[in-house]
Amino acid sequence: MQGLGPKLCCLFSFIAVVNCSAPKSVVFKTPVDTTSKPINYQEKKTYELVDVGVFASNEFHGARLNGFEKINDSTALVLITPENTPINNSPYYAFKSWAKQPKPFYFTFKYPKGFKHRYIPKIEANNNWTVLDSSNIFKNDSIVTIKLLLTNSPQTIAAQEIQSASDVKKWYSTLAIANKDVVTIGSAGKTPLNRDLPVLSIYKGLSKEKDLIVLLTRQHPPEVTGYYAFQSFLETILNGSEVSDQFLAKYHIIAFPIMNPDGVDLGHWRHNSGGVDTNRDWSVYNQPEIQQAVSYIERTLKRNKSKLILGLDFHSTWYDIFYTNEDRANTTMPNFIENWFTALESNIPNYKVNEASANSDKPTSKGWMLNGHNAVGITYEIGDHTPKEDIQIFGKVSAEEMMKIILTK
Ligand SMILES: [Zn+2]
């Protein structure tokens, strides 16, 4: 299309329904159908168990509660269903509950056939999150019941701490204000439900010819522990240390703090509002979130005449693990992974890196970094129940060591 003016190009797009701004697709061995599928929206309401005086509500962002029924005077059935199927076993739940009179009350979780309870409940009362003590969790085969002391003030019971799109915005806005000489808040576009797809552009001086590092998180809504590592990682890059100063003078970071804001606010188990796992869409970009993020990255590279050297995508799973690509010799930093992991083990007490290495057959962000840009791509996974203090340390040390290694490359 070189030589065609924008006007003419758009005329052709109109006729041929070709999107001139669509980024180049990247080929994967095992393609995945990521065209949009219907999702089930939960009915937003406050349930009342009239004769026991107990209430439950999903009327807030990030909630998931599909039904609430009385089993007996001291127990309710909590019905949780996913946005659509097939879907991974990540049954996310989040609701508020309270009672007319303070009393102990039991909640039994019910998921559709084939899904099992995964997340230990987190409880929020008076803006303070705690993990529910194991003495209040009862298992009967795979059926889980929890016990809570209800009061007339609502408590939130959730699979993971809630970090809605507006919570994320609060965090990055504060971070950007505190670092306004190096951080610019931008937008890659809008989601299908008209939420912003924010992006932070971070560097010192001019962005021209600075090699690029891409950070991503929250493709999968419940993966909040991965988001906490992303926060700690980015805060460390912006901590004003000597390494950070040198790093930002030489490199450019673009960070997407919430890749699936629709899914996050809708309380999804895994998918976006198009009913799709966006981390299988990094090939032909059927979903607007990925299409716009990729366009933003490609535009940045072109404008700055720079190359993409590293992509880190922060997620959560059962335990801490790094998913890496097997092919490294031809990437821009063939020794990065080995050096980084060695540095993490040397700098985090009693820590052993858990790595699983394979080239992505399916269209993930990690595979896109490699197949699309010969960049190092890593899925940075934090365990569902890794303590916050540990996440803070992983995020900090991994950012420090990444900066040091890249500065000496
Ligand atoms: Zn994930």
Side-chain angles (χ1 to χ4, degrees), residues 28 30 32 34 39 62 64 82-94 115-116 118-120 122 158-165 168 191 197 214-234 255-283 285-287 289-290 293-294 311-325 354-370 377-386 391 394-395 398:
F28 285 82
T30 312
V32 176
T34 54
I39 57 165
R64 172 125 313 235
E83 55 274 20
N84 64 354
T85 52
I87 197 161
N88 282 34
N89 186 58
S90 45
Y92 173 84
Y93 54 87
F115 297 105
K116 276 189 185 163
R118 167 166 173 178
Y119 299 105
I120 299 170
K122 321 294 181 297
Q160 290 294 14
E161 294 183 10
I162 291 171
Q163 290 288 341
S164 68
V168 173
T191 67
L197 202 61
V214 171
L215 309 178
L216 308 159
T217 192
R218 296 304 284 288
Q219 289 201 76
H220 299 145
E223 299 182 4
V224 173
T225 58
Y227 168 66
Y228 288 156
F230 172 97
Q231 286 185 308
S232 170
F233 194 90
L234 205 52
F256 295 87
I258 183 162
M259 282 292 292
N260 180 5
D262 287 345
V264 166
D265 279 359
L266 291 172
H268 279 186
W269 289 19
R270 188 170 177 90
H271 299 158
N272 69 346
S273 60
V276 165
D277 179 347
T278 62
N279 204 27
R280 300 293 180 270
D281 192 35
W282 291 79
S283 172
Y285 327 117
N286 282 312
Q287 297 304 311
E289 293 88 342
I290 305 306
V294 168
L312 298 177
D313 189 0
F314 292 76
H315 288 247
S316 310
T317 188
W318 305 91
Y319 40 82
D320 299 339
I321 186 165
F322 291 100
Y323 291 114
T324 57
N325 290 315
N354 186 17
E355 179 190 7
S357 193
N359 291 341
S360 307
D361 288 346
K362 291 177 182 168
T364 62
S365 67
K366 162 175 97 74
W368 182 85
M369 302 290 164
L370 178 70
I378 300 174
T379 314
Y380 186 132
E381 301 264 9
I382 295 288
D384 290 335
H385 302 109
T386 301
I391 301 174
F394 294 156
S398 60

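Counting begins at 1 with the first residue of the sequence. Start at 1 and go down the list; that is how both ligands and their atoms are numbered.
Remark: side-chain polar atoms of Glu381 are paired, donor with acceptor, to backbone N or O of Ser316 under 3.5 angstrom.
For the Zn ion (ligand 1), the tally of protein N/O/S atoms lying closer than 2.8 Å stands at 4.
Among Val214, Thr217, Asp313, the one residue that satisfies the side chain to side chain contact (heavy atoms under 4.5 Å, CB included) test with Phe256 is Val214.
Annotation: the span from Phe314 atom CZ to Phe394 atom CZ amounts to 12.5 Å, rounded to 0.5 Å. Atom CD of residue Gln219 and atom OG1 of residue Thr379 lie 9.0 Å apart, to the nearest 0.5 angstrom.
Here the closest non-hydrogen pair linking Phe28 and Gly367 is CZ-C, 3.5 Å.
Annotation: cation-pi pair Arg64/Tyr92 absent, no NZ/CZ under 6.0 Å from the ring centroid and within 45° of its normal.
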